[in-house]
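Here is the structure we will look at, set down as structure tokens.
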Amino acid sequence: MKTFSKYLVTVLLVLSAVITFAQFQGAVYLPDTSFKVYANSAEKSVAFCGGFNNPQFAIADLNHDGKNDLVVFEKMGEQILTFLNKGTANNPDYRYAPKYALNFPKVSSYLKLEDYNCDGIADLFHRGGTGFDVYKGYYNAYNELSFTHYKPLFHTWSSGWINAYCDPGDIPGIVDVDGDGDLDFVAFYINGSHLQWYRNRRVEDGLPCDSIRIELKDKCWGRVAQTFVMTQSINVPCTGVFPVVDNGNYEADLNSHKTTLHSGNNLCFLDYDGDGDLDYLNGGVSYPYIQYLKNGKIETSAAIDTITSQDTTWQSNGVIYNKSLFPGAFYFDYDMDGKKDILLSPSATADADNYRCISWYKNTGTVSSPVFTYKGDSLLSNQSIDLGSGSYPMIFDYDRDGKPDLFVGGDGYFTGTGNLRSKIVYYRNTSTVGNPSFTLQTENFLNLFASNYKGTYPAVGDLNNDGKEDLIIGHTDGKISFFKDTSTGVNTSPSWVLVTDTLRDVNNTIIDSTQFPAPFIYDLDADGKKDLIIGSKAGWLYYYRNIGNANELKLEHVTSKLGLVKVDKWNLFSGYATPFIGKTDNSGNDYLLLGSNSGNLYRYSGFQNGNYSTPFIQMDTSYSFVDTFQLDYSGVRNVPAITDFDGDGKMEMVVGNILGGIRFYKQSKMVGINTPICYGSVMVEAYPNPSKSFVTINWIPEFNKQQPVFVSLFSITGQLIFAQTFNNTNQAVVNINHLNAGIYQMMVSSGENRTVLKLVKID
């Protein structure tokens, strides 16, 4: 927790000094790594990192201790995961350290960490809006690797300046192609057929180290072409399909080659055979295999790089990678033995292996004569809580020992048939004083995997009014299964037996939220009987009132828009509302907390007295900045659940996500019980968001009631950037041109009304 203290202190001090009229809760929760997770008598080293689906790998010294740490970019949701190196040579041990991800910019499509400016500090490359966008690395006052924007890459052409091209789905090569000491850039042309080499002219032009100047040196690097088939054509003449020499009409070239031959390639350059020229591994969007392309420049004494042979299904003489379409290869020293290894993972976000998704080929040879030996296909993922895709935590004291346990369902694991197959895992709370922990009891609770369910979203509560807790499970098709507790009493572990896979209401109508139902059981109308609330993919909440008597299961549909609550209002069809109702802090109050597709956590009040017929009051759109601390973006699908796991009087929050894993947060701030609560508002909007330059904020008259409106903008570390009072208006325009790209928090307040919005600044 100490590692995040500087952020929390800054947030609280600035907000208390500037906004004295509003009791702003700020960062109630912070990421926590103190809880241990054990399975089969061993600790899961990265249990709460959030899971893996489409990981890309890079290394850099995150904390300036002289050791390379691990950085993972998850293409699904565009998330950054950071891991500190705690291992020794031949004994890798990477530990999840989420705070270092705060220093990364928003990354798009791919992530590369390489040193372009000769200062020994990793710089960052990603696609940005052009193909290659560059950030310069430096160490901040806390010795944490941070980045400042340098520039996107453009080169000259006969018609002017044009951006260096990289397809939005590709991973390019960023490597010293010509051996002159500076980084060059290689990517497939727009039609996916030929490799283009953008040579860095820093050395040739005598520029300072802190410079990149590129030219399109070769439009057909390696004399190789990729077509519809997996086997690539080698020794191609490189004439006719795309000119190697500028013909003065670049736009005509582009327009004449828009018919895609093969769109989608992942490149990994390395001197595989140790002969001094660069070979490469290629993963194609249409194939499950990696191809190895050998450069014969040295052996044949060729004047230019020339691919002379290939292994179409690498390793044809070993273990062939055949996991899912569009694999990517990453070449670095994973186990710190001084020799670079190869890690392979899928880039495809659909029909791709989402658990056995990291294959490790260890270099068991030498640096100059590598031998890559297959070591497994579940590297790191087997050390995390990972349900494949999508994860849905549920908290319930199953063994009746007074300590809440952790259950996790999910969308499912890839089966190779285009379908997902789901289960629920059960972790028993084995915490003792000062030693919080969970221990795996079963990876297939109730043997649900055999039922071939697609999606397992669990919830527990007494719906049939027999005094015992029932289990319901939502499935991605919108239906809900009902399991009755057949045990002898409430002091024993439930014995759940399936009654129906299609739960129906009192009118015998199938309870169906259309897709991705997120059920939660709670006595909403305060009549002493538990009701059913269901979050839906569209972002609304369904409400079914319990009208049964003793030993009766009778649910009455009341509304499909409970409280007029909708998450991610800008997304009409994919909000993915995931409700939790209960205590979120030490105040003793129940709140409605909603996860969403965007990663925002929305918090609501106004229902606690049993009144479900009026609109709920929105208190937060980014509760505790949880989405900010994760640096999550659209497509994250947060799923919250809260309790006091270790009995220390502070709450813990577990959050599921699209990657199938769990992230863990600890209450870092005690909320004043007698402190007036400043409610948020559903009456404020800010657009465009994301924005490059100006943001317009609108509010309706009911929000400020002719009182002044105070607008303030904060960085994610709590620094006040902008503050202004607006009188006699229902609109404010804020100029953010001067801000660096990133995530900010905007608070709009008037009297007792307040709303906090996440604002994304883009280049």
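When reading the values below, keep in mind they use all heavy atoms of this one structure, side chains included, and skip hydrogens, waters and symmetry mates. Keep in mind that what you see is a predicted model, and the values were worked out from it rather than measured.
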**Message:** Measuring centre to centre across the rings, with the benzene-like ring taken for any Trp, is Y29 within less than 6.0 Å of Y665?
**Reply:** no

**Prompt:** Between D620 and R603, is there a side-chain N and carboxylate O pair less than 4.0 Å apart?
**Reply:** yes

**Message:** Between K583 and D590 (salt bridge meaning N to carboxylate O under 4.0 Å), is one present in this structure?
**Reply:** yes

**Prompt:** Would you find more than 12 non-hydrogen atoms of other residues, nucleotides or ligands less than 6.0 Å from E443 atom CD?
**Reply:** no

**Item:** ring-ring contact (aromatic ring centres under 6.0 Å, His included) partners of F52, counting only residues at least two apart
**Value:** none

**Request:** Under the side-chain hydrogen bond (donor to acceptor under 3.5 Å, both in side chains) rule, what do T509 and N507 come out as? Steps first, then yes or no, please.
**Result:** CA-CA 5 Å; T509 301; N507 295 316; 5.4 Å; no

**Request:** Apply the side-chain hydrogen bond (donor to acceptor under 3.5 Å, both in side chains) test between R545 and each candidate in D525, T559, D531; give the one that qualifies.
**Result:** D525

**Prompt:** Are the side chain of Q79 and the backbone N or O of E74 linked by a donor-acceptor pair below 3.5 Å?
**Reply:** no

**Message:** Just to verify, what does N53 make a side-chain hydrogen bond (donor to acceptor under 3.5 Å, both in side chains) with, not counting sequence neighbours?
**Reply:** S389

**Results of ring-ring contact (aromatic ring centres under 6.0 Å, His included) for Y427 - residues two or more places apart only** = none

**Asked** Is it true that atom NZ of K484 has more than 12 heavy atoms of other residues, nucleotides or ligands lying nearer than 6.0 Å?
**Response** no

**Item:** Side chain T578, main chain N638, donor-acceptor under 3.5 Å
**Value:** yes

**Item:** D523 and K530 ion-paired at < 4.0 Å
**Value:** no

**Message:** Classify the ring geometry of F607 against F616: parallel below 30°, tilted from 30° to 60°, perpendicular beyond 60°.
**Reply:** tilted

**Request:** Identify the heavy atoms of I511 and D505 that sit nearest to each other, and give their distance.
**Result:** CG1-N, 3.8 Å

**Message:** Strictly below 4.0 Å, N to O, side chains only: are R428 and D397 in salt-bridge contact?
**Reply:** no

**Prompt:** Do H557 and Y544 make the cut of ring centroids closer than 6.0 angstrom?
**Reply:** yes

**Asked** Hey, does V408 have a side-chain heavy atom less than 4.5 Å from the side chain of I424?
**Response** no

**Request:** Grab the two heavy atoms, one from L659 and one from M76, that are nearest each other, plus how far apart they are.
**Result:** CD2-O, 3.8 Å

**Prompt:** Below 6.0 angstrom between ring centroids: does that apply to Y744 and F714?
**Reply:** no

**Request:** Take D568 and Y602 through the test side-chain hydrogen bond (donor to acceptor under 3.5 Å, both in side chains) and record every step on the way to the result.
**Result:** CA-CA 9 Å; D568 296 354; Y602 298 81; 2.7 Å; yes

**Item:** Y426 and its ring-ring contact (aromatic ring centres under 6.0 Å, His included) partner, picked from F396, W496, Y398
**Value:** Y398

**Prompt:** Y355 and F414: aromatic ring centres closer than 6.0 Å?
**Reply:** no

**Message:** Evaluate S347 against N54 for side-chain hydrogen bond (donor to acceptor under 3.5 Å, both in side chains), listing each step before the verdict.
**Reply:** CA-CA 5 Å; S347 284; N54 307 108; over 6 Å; no

**Asked** What about the rings of F520 and F580, do their centers lie closer together than 6.0 Å?
**Response** yes

**Request:** May I ask you to decide if Y576's main-chain N or O and R637's side chain share a donor-acceptor pair within less than 3.5 Å?
**Result:** no

**Message:** Is it the case that the ring center of Y604 lies less than 6.0 angstrom away from the ring center of Y591?
**Reply:** no

**Message:** Using the ring centroid of each side chain, check whether F35 and F438 are separated by less than 6.0 Å.
**Reply:** yes

**Prompt:** In terms of side-chain heavy atoms, does N465 have a donor or acceptor partner in N546 at a distance below 3.5 Å?
**Reply:** yes

**Prompt:** Which is it for S598 and N600 under the side-chain hydrogen bond (donor to acceptor under 3.5 Å, both in side chains) test, yes or no, and what are the steps along the way?
**Reply:** CA-CA 6 Å; S598 66; N600 289 317; 3.0 Å; yes

**Prompt:** Counting distance only, does the side-chain N/O of T456 pair as donor-acceptor with the main-chain N or O of G409 below 3.5 Å?
**Reply:** no

**Message:** How about CZ on R356, more than 12 heavy atoms from neighbouring residues, nucleotides or ligands closer than 6.0 Å, or not?
**Reply:** no

**Request:** Would you confirm whether S108, through its side chain, and R127, through its main-chain N or O, come within 3.5 Å as a donor-acceptor pair?
**Result:** no

**Request:** State whether the side chain of D501 and the backbone N or O of S481 hold a donor-acceptor pair below 3.5 Å, judged by distance alone.
**Result:** no

